Amino acid sequence: MATEILTLPTANSATKPKTVARSRVQELASQMAAILFACGEGLSIDIFCQKLGVSKAEAEAALQFVAAEYSGDSGIHLIKYRNQYQFSTNPAYANEVALVLNPLRERNLTRAALETLAVVAYKQPVTRLEIDQIRGVGSDYALQILTQSNLVEIVGRKEVLGRPLLYGTTDGFLKRFGLTDLDNLPNYETLLEQIKTIHAAEPDAVSLYDSNRDQ
């Protein structure tokens with residue numbers, strides 16, 4: 001099949017070439033992409049509206065334009081979580097990114113930590129004692145590792161005797177598992193499988209658990 005080549009009219013043509021101006025949405029999309037790249041953190045649509053003086057409809061249209069450009073085979077993807085937008089590397093190129101940049105590997109989590117993370121995700125806000133009761137074993141060490149890995153954080157204290165700490169998942173947890181919010185949590189077994197798959201992809205990660213440790 002022959003390839004059709006499109007050419008613009010020349011200066012000698014009967015019809016002068018028309019200058020195609022960039023649309024307002026395209027210009028706004030470029031601005032927002034630059035801001036997201038420079039920020040490196042998640043930004044809400046309200047921030048763009050307030051700082052750039054645009055309507056929510058304009059901002060949403062521009063973000064759709066950005067999402068379309070940064071998706072598929074692109075090395076950078078636009079992700080959304082808790083109504084915030086952020087640039088992230090394409091998961092398909094995780095091995096290549098790690099090979100070149102050689103970042104510190106994320107700490108490997110054993111089954112005890114995986115169980116603890118799942119309990120926190122589905123029961124939050126939850127105390128350590130409540131986690132222990134569900135799992136049937138102590139969870140101090142697992143909670144420590146999950147907190148250090150930015151998957152779990154302290155979200156308050158329970159209004160009971162002793163006011164124990166309450167734990168919940170972080171925005172890092174949402175981003176790690178591709179969730180926009182907690183309403184999108186999969187079922188318990190599916191979550192465990194997702195966690196296992198992610199950490200199985202990091203064979204060189206150093207386990208922070210002794211092989212004989214149960215907690």
Side-chain angles (χ1 to χ4, degrees), residues 36 39-44 47 77-91 94 97-98 101 103-215:
L36 286 166
C39 177
E41 301 289 340
L43 292 174
S44 70
I47 291 294
H77 281 183
L78 181 67
I79 61 173
K80 180 183 178 182
Y81 64 96
R82 289 193 192 279
N83 293 319
Q84 295 191 80
Y85 295 84
Q86 182 176 353
F87 276 141
S88 174
T89 55
N90 186 335
V97 171
L101 300 184
L104 290 174
R105 293 282 188 166
E106 292 190 13
R107 291 164 167 172
N108 197 23
L109 304 179
T110 63
R111 183 169 182 81
L114 301 180
E115 290 176 352
T116 302
L117 180 57
V119 171
V120 174
Y122 284 93
K123 300 296 183 180
Q124 61 186 306
V126 61
T127 67
R128 180 191 57 77
L129 180 59
E130 290 168 338
I131 297 171
D132 293 348
Q133 290 173 340
I134 293 172
R135 295 188 57 233
V137 294
S139 304
D140 290 31
Y141 193 65
L143 281 172
Q144 177 184 339
I145 298 306
L146 293 171
T147 301
Q148 292 174 354
S149 299
N150 191 35
L151 295 173
V152 167
E153 64 183 350
I154 296 171
V155 295
R157 289 182 177 274
K158 191 168 185 177
E159 295 301 325
V160 297
L161 184 63
R163 302 189 70 234
L165 295 172
L166 288 168
Y167 293 89
T169 53
T170 64
D171 285 346
F173 168 80
L174 294 177
K175 290 186 284 185
R176 191 79 173 107
F177 296 102
L179 303 171
T180 56
D181 54 50
L182 294 175
D183 291 336
N184 299 128
L185 275 173
N187 64 53
Y188 180 85
E189 292 301 327
T190 300
L191 178 62
L192 280 182
E193 288 304 315
Q194 286 182 338
I195 295 172
K196 291 176 184 177
T197 299
I198 287 176
H199 289 284
E202 299 174 347
D204 298 328
V206 178
S207 175
L208 298 185
Y209 287 82
D210 183 276
S211 59
N212 297 319
R213 192 182 185 110
D214 293 325
Q215 298 180 22

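This one's a predicted model, so the numbers in the text were calculated from it and none came from an experiment.
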State the CG-CG distance between Leu114 and Leu151, to the nearest 0.5 angstrom. 10.0 Å
Within the 4.5 Å heavy-atom criterion, are Thr89 and His77 side-chain neighbours or not? no
Side chains of Gln124 and Thr169: donor-acceptor distance under 3.5 Å anywhere? yes
Answer with yes or no whether the side chains of Asp132 and Ser139 bring together a donor and an acceptor at under 3.5 Å. yes
Closest non-hydrogen atoms of Val126 and Lys123, given as atom of the first, atom of the second and distance, are CB-O, 3.7 Å
Side chains of Tyr167 and Glu153, donor plus acceptor under 3.5 Å: no
Under a 4.5 Å cut-off applied to non-hydrogen side-chain atoms, are Leu117 and Val152 in contact? yes
Mind checking whether Gln84 and Leu43 have side chains closer than 4.5 Å, heavy atoms only? no
Nearest 0.5 Å, please: how far is CD in Glu41 from CG in Leu36? 11.5 Å
Phe173 versus Leu179: any side-chain heavy-atom pair under 4.5 Å? yes
Enumerate donor-acceptor pairs with a distance under 3.5 Å from any side-chain N or O in residues 155-166 to protein atoms, sequence neighbours excluded.
{"unit_1": "Arg157", "atom_1": "NH1", "unit_2": "Arg163", "atom_2": "O", "d": "2.7"}
{"unit_1": "Lys158", "atom_1": "NZ", "unit_2": "Glu130", "atom_2": "OE2", "d": "2.5"}
{"unit_1": "Glu159", "atom_1": "OE2", "unit_2": "Arg163", "atom_2": "NH2", "d": "3.2"}

Taking Asn150 for the side chain and Gly172 for the main chain, is one N or O donor matched with an acceptor at less than 3.5 Å? no
Between CG on residue Leu182 and CG on residue Leu174, distance to nearest 0.5 Å: 5.5 Å
Contact check, side chains of Thr180 and Arg82, non-hydrogen atoms, under 4.5 Å: no
Note: Ala142 and Ala113 closest approach over all heavy atoms is CB-CA, 4.0 Å
Would you say the side chain of Ile79 lies within less than 4.5 Å of the side chain of Tyr85, judging by non-hydrogen atoms? no
As an exercise, state the distance from CZ of Arg176 to OG of Ser88, rounded to the nearest 0.5 Å. 10.0 Å
Tyr81 side chain near Asp171 side chain, heavy-atom distance below 4.5 Å: yes
